[in-house]
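For reference, the structure is listed below as structure tokens.
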Amino acid sequence: LGAGDPYSQWGDEKRFKVFHFPWTKNFSEARNFAKSKATGDYIMWIDADERLPEMVQNQLAKFSTWSFRSKGLQMPQAFRFRVVNFRDGVKEPLTCMQLRIFQNIAKMEWGGRVHEHDHLQVCAQSLGLSMMDLPLYEIHHAVHADPKDIEEKAPELRPSATELVD
């Protein structure tokens, strides 16, 4: 959590461990720092401006009991969810499949300051991880931003020329 993050007190509830990471204008660095603290077998990530519908929350609460072997399948190492992007001023939301749960493997990492999730999926593919699409599992991404705020933040979030080449 960043400095001054309102969720910092969650650690007081004893259900969460809270680690502070100074914001470096690089989403990958922040996500990789958080991943370095993870101790579970699988990692799921979600942004602060995203929501999981109740049905998805209920199914994920049972994740450890998902039975693939009973169906003659091996447990996938990664799962892709449908992300529904409700952008301001757009009548039809954009949808795409994104890697959102993956096995906690040291070589799995985010890359790039922005659009870091694309690098994560390429990383999973290059490592040969088995992936399963879960199109009924939606994540609702709601971007409600003042266009002036976007203009002010845009220069700091644009990838540099070297990042685009790498």
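Computed over heavy atoms, backbone and side chain alike; hydrogens, waters and symmetry mates excluded.
Ring centroid separation for the pair Phe102 and Trp110 comes in under the 6.0 Å cut-off.
Hydrophobic clustering, defined by side-chain heavy atoms of Ile, Leu, Val, Met, Phe, Trp and Tyr closer than 4.5 Å, leaves Val122 isolated from every other such residue.
Checked against side-chain contact (heavy atoms from CB on, under 4.5 Å), Lys37 has the following partners two or more places apart in sequence or in another chain: Phe19, Phe33. Remark: Ala124 pairs with Leu99, Met108, Leu129, Met131 by the side-chain contact (heavy atoms from CB on, under 4.5 Å) rule, at least two apart or across chains. By the side-chain contact (heavy atoms from CB on, under 4.5 Å) test, Ala38 pairs with Ile43, Asn104, sequence neighbours left out. Here Glu29 pairs with nothing under the salt bridge (charged side-chain N to carboxylate O under 4.0 Å, His left out) rule; sequence neighbours left out. A search for side chain to side chain donor-acceptor pair (under 3.5 Å) contacts involving Arg31 returns Asp47, Glu116, not counting sequence neighbours. Remark: His140 pairs with Phe86 by the ring pair (Phe, Tyr, Trp, His ring centres under 6.0 Å) rule, at least two apart or across chains. With sequence neighbours excluded, no residue satisfies salt bridge (charged side-chain N to carboxylate O under 4.0 Å, His left out) with Glu138. A search for side-chain contact (heavy atoms from CB on, under 4.5 Å) contacts involving Met132 returns Phe68, Pro76, Phe79, Leu134, not counting sequence neighbours.
One N or O on the side chain of His119 and one on the backbone of Gly111 form a donor-acceptor pair closer than 3.5 Å. Remark: side-chain polar atoms of Trp45 are not paired, donor with acceptor, to backbone N or O of Lys35 under 3.5 angstrom.
When side chains are defined from C-beta on, Leu60 counts as touching Ile101, because their heavy atoms get closer than 4.5 Å.
Hydrophobic clustering places Tyr137 together with Ile46 (ILVMFWY residues linked when any side-chain heavy atoms are closer than 4.5 Å, directly or through intermediates). Residues Met44 and Met75 fall within the same hydrophobic cluster, defined by Ile, Leu, Val, Met, Phe, Trp and Tyr side chains chained together at heavy-atom separations under 4.5 Å. Tyr42 is not connected to Leu127 by any chain of hydrophobic side-chain contacts under 4.5 Å among Ile, Leu, Val, Met, Phe, Trp and Tyr, and they are in different clusters.
Atom CG of residue Asp118 and atom SG of residue Cys123 lie 12.5 Å apart, to the nearest 0.5 angstrom. Atom CD1 of Ile139 and atom CG of Asn85 lie 11.5 Å apart (nearest 0.5 Å). Here NE2 of His141 is found 9.5 Å from SG of Cys96. Values are rounded to the nearest 0.5 Å.
Evaluation of the salt bridge (Lys or Arg N to Asp or Glu O under 4.0 Å) test over residues 50-63, restricted to residues two or more places apart or in two chains, returns Glu50-Arg100. Identified under the side chain to side chain donor-acceptor pair (under 3.5 Å) test for residues 73-82, with sequence neighbours left out: Gln77-Gln103, Arg80-Gln121, Arg80-Asp133.
Counting heavy-atom neighbours within 6.0 Å of Asp41 CG, excluding the residue itself, gives a total of 12 or less.
The heavy-atom pair separating Pro93 from Val84 by the smallest distance is CB-CG1, 3.7 Å.
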